[in-house]
Amino acid sequence: NSFYFNLKAIKDIPTFMGEPDVIRAVQMLPGVHGAGESAGGINVRGGGTDQNLVLIDGVPVYNMVHVFGLFSIINPSAINSVELIKGGFSAKQNGRLSSILDIKLKDGNNQKIAGNLNIGMLLSSLTLEGPLIKNKSSFLVSFRRTYFDAVYKPVQYFTNLNATNKYGGVYYFYDLNAKINYKIGNRDKITLNYFTGTDRGKITEKQVFNDTIESLLKRNHIKNLKWFTIMGSAGWDHIVTDKVFMVTTVGITRYTTKFEDELTWETRPKPTSDQSEIKYSQSSGNSDMFLKMLLEVKKYKKHNFIVGADFIYHKFNTGTLNYSTIKNNVEQDTSIGDKDIFSFEKVVYAEDNWTISKRLNATIGLSYNSISVKNKTYNLLQPRLSVNYSFNKNLYVNASFTRMQQNLQILPNNSVGLPVDIWIPVTNYLKPQTSDQTTVGVGYYFKKHYKISLEGYFKSMNNLVELKEGAFFVFGGYEWDKSFY
């Protein structure tokens, strides 16, 4: 049900243009498929790309790729480990139907300053880590940027040097993550995390018309596309006793997209010329503010207990459209869909990892999810059960059952025609998606370094949403959710 990678394993996997990548490593796993050309993300066991929860040090992010899917949003040099969980979910793992992609970043070297500089054909990256206070506090900073724009600009310049009509384009992305750890005594640790990833694209077209018969003199057309992810968190790890641990995390995560289209032209009416302009922009996005608390009790007789709670405040902008025109020095402005949707999600869970015997182990859990949006509240109990039996040191069998709930999704059949994701929430009309998954597997270890495994699953999903035939999604329009079934 789960696969684990460390940094070395990611770098050993075949690369694209010499660049190792988390997403391509995950796509090589059984039951996982790429989402296709110019589409980021992965499909796991028949699910959609929006049914995978991506966590960076426990914080969810809503966009996992750059360049329409060619690169993941995290610099591999900053990663400590990656785990993909496809089934047998723990009670503390909630929010998506298909998988959890759990990315853990390095803590930073608390002994000495160290760094890593990578210069590639498409991008370069720099990672620095070291102690703030030796043996007590450490930092990690990683920055990565492409230079498509720097390489292409000279080509554009010479191409347009003597041209009457000038055409241009630019694209680049960058990401930055920073992490600070600070130990307070032997029982407490504070962690601060920050991450941002941005993609920008621009296309320009400048035309000059010399035909005196036509009234059009000049025409300029500029298109801008931008989407970015940003997240920040603070965590407190506390050792209550040698067997009791507590983890508290508070933070914010945000995903925003924006597309701008500007067209200006100059005509030749008598007796003077006239300049006109049309500006069009559309934006969407969502953000979360969250508090997560977990208490773990280890080795109490034959049991390991976990209890916890998550509180998440969601904010959605399903789309804002701004349209303005200037004609004969008269400006008109129109704005559609400027209302945000808010929801409050609460998750409470408990789990018992029970060592029944030397050969038999069972994990029994229960998660309760409640989400309130407008005047509607949805509640669901989600049982979790996983059993593992070892015949000997090499051979084992396992089975699991999990019920999951998902309270948001990407706009299906995106009619906007842009390579960006628009997340839509549950409403009075759109219900949360749910799934039941049962798995049975067998595995065999040999020669200490190899394992052969076979696993089957049965998965059912409910309340999936599709755009109605003939319907068109209008940004933030009145009763927009009625466009789906």
Side-chain angles (χ1 to χ4, degrees), residues 5-11 19-26 40-41 52-67 69-84 100-110 113-120 122-132 137-147 172-182 189-200 226-237 247 249-256 285 287-290 292:
F5 292 93
N6 57 21
L7 179 58
K8 182 179 183 303
I10 294 173
K11 290 184 174 181
E19 301 295 335
D21 189 76
V22 172
I23 300 301
R24 281 192 298 278
V26 170
N52 309 297
L53 179 61
V54 182
L55 301 173
I56 300 178
D57 273 352
V59 180
V61 293
Y62 288 94
N63 176 46
M64 60 193 300
V65 294
H66 289 298
V67 204
L70 292 181
F71 299 96
S72 62
I73 61 172
I74 286 290
N75 182 2
S77 298
I79 293 176
N80 182 54
S81 66
V82 177
E83 185 179 15
L84 179 70
I100 310 291
L101 184 61
D102 191 6
I103 302 173
K104 301 293 187 184
L105 302 180
K106 296 177 181 177
D107 280 344
N109 194 322
N110 63 5
I113 297 289
N116 183 21
L117 174 64
N118 292 317
I119 300 177
L122 301 176
L123 56 87
S124 292
S125 64
L126 174 65
T127 303
L128 290 175
E129 57 182 319
L132 294 174
S137 179
S138 63
F139 75 91
L140 172 76
V141 178
S142 180
F143 180 77
R144 182 175 60 161
R145 192 190 190 280
T146 58
Y147 27 74
Y172 66 90
F173 76 75
Y174 67 86
D175 49 59
L176 168 70
N177 56 273
K179 185 175 182 179
I180 295 176
N181 292 282
Y182 186 81
K189 184 176 79 168
I190 302 295
T191 302
L192 301 177
N193 252 317
Y194 174 80
F195 170 81
T196 183
T198 299
D199 287 66
R200 289 178 179 266
K226 174 185 178 181
W227 66 98
F228 69 88
T229 298
I230 186 171
M231 75 89 169
S233 68
W236 173 36
D237 297 354
V247 179
T249 307
V250 61
I252 185 171
T253 182
R254 182 184 177 190
Y255 173 62
T256 301
S287 62
D288 295 345
M289 292 187 292
F290 62 86
K292 298 183 177 184

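Heavy-atom basis, side chains included; hydrogens, waters and symmetry copies ignored.
- Here the CG atom belonging to L117 is positioned 7.0 Å from the OG atom belonging to S125, to the nearest 0.5 angstrom.
- Rounding to the nearest 0.5 angstrom, the gap separating the CG atom in D199 from the OH atom in Y172 is 10.0 Å.
- Summarising the geometry, atom CG belonging to L101 is positioned 6.0 Å from atom CD1 belonging to I23; distances are rounded to the nearest 0.5 Å.
- Annotation: salt bridge (charged side-chain N to carboxylate O under 4.0 Å, His left out) contacts of D57 (sequence neighbours excluded): K179.
- R254 pairs by the salt bridge (charged side-chain N to carboxylate O under 4.0 Å, His left out) definition with nothing, not counting sequence neighbours.
- Under the rule for a side chain to side chain contact (heavy atoms under 4.5 Å, CB included), the partners of I252 that lie at least two apart in sequence or sit in another chain are M289.
- Legend: residues meeting side-chain hydrogen bond (donor to acceptor under 3.5 Å, both in side chains) with Y194, ordered by chain and number and at least two apart, are absent.
- Looking at residues two or more places apart in sequence or on another chain, you find a ring pair (Phe, Tyr, Trp, His ring centres under 6.0 Å) between Y62 and W423.
- In this structure, NE2 in H66 is found 4.0 Å from CG in D175, a value given to the nearest 0.5 Å.
- When all heavy atoms of S233 and T249 are compared, the closest pair comes out as CB-CG2, 4.3 Å.
- The side-chain hydrogen bond (donor to acceptor under 3.5 Å, both in side chains) check on N177 picks up nothing, with sequence neighbours excluded.
- Side-chain contact between R144 and F173 is present, with heavy atoms from C-beta onward closer than 4.5 Å.
- Contact between S137 and N181 at its shortest, heavy atoms only, is OG-O, 2.8 Å.
- When all heavy atoms of Y147 and I119 are compared, the closest pair comes out as OH-CG2, 4.1 Å.
- With T191 contributing its side chain and G235 its backbone, the two residues share no donor-acceptor pair below 3.5 Å.
- Partners of T146 under the side-chain hydrogen bond (donor to acceptor under 3.5 Å, both in side chains) rule, at least two apart in sequence or in another chain, do not exist in this structure.
- Contact of the I74 side chain with the L105 side chain is registered, since non-hydrogen atoms from C-beta on lie closer than 4.5 Å.
- The salt bridge (charged side-chain N to carboxylate O under 4.0 Å, His left out) test applied to D102 returns K104, not counting sequence neighbours.
- Remark: I56 CD1 to I103 CD1 distance equals 5.5 Å, nearest 0.5 Å.
- Residues forming a side chain to side chain contact (heavy atoms under 4.5 Å, CB included) with N63 (at least two apart in sequence, or on another chain): V65, I73, W227, T229, Y255, D421.
- Between the side chain of K292 and the backbone N or O of V59, no donor-acceptor pair lies under 3.5 Å.
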**OP:** For the pair T127 and N75, evaluate side-chain contact (heavy atoms from CB on, under 4.5 Å) and give the outcome as yes or no after the intermediate values.
**Re:** CA-CA 9 Å; T127 303; N75 182 2; 3.5 Å; yes

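- The OG1 atom of T198 sits 8.0 Å away from the CD1 atom of I230 when rounded to the nearest 0.5 Å.
- Looking at residues two or more places apart in sequence or on another chain, you find a salt bridge (charged side-chain N to carboxylate O under 4.0 Å, His left out) between K189 and D107.
- The two residues K106 and S77 make their nearest non-hydrogen contact at NZ-O, 3.0 Å.
- Remark: S72 engages D21 in a side-chain hydrogen bond (donor to acceptor under 3.5 Å, both in side chains) (not counting sequence neighbours).
- The minimum heavy-atom distance linking N109 with E129 is given by the pair N-OE1, 3.0 Å.
- Residue pairs meeting the salt bridge (charged side-chain N to carboxylate O under 4.0 Å, His left out) criterion with at least one member in residues 227-236, sequence neighbours excluded, do not occur.
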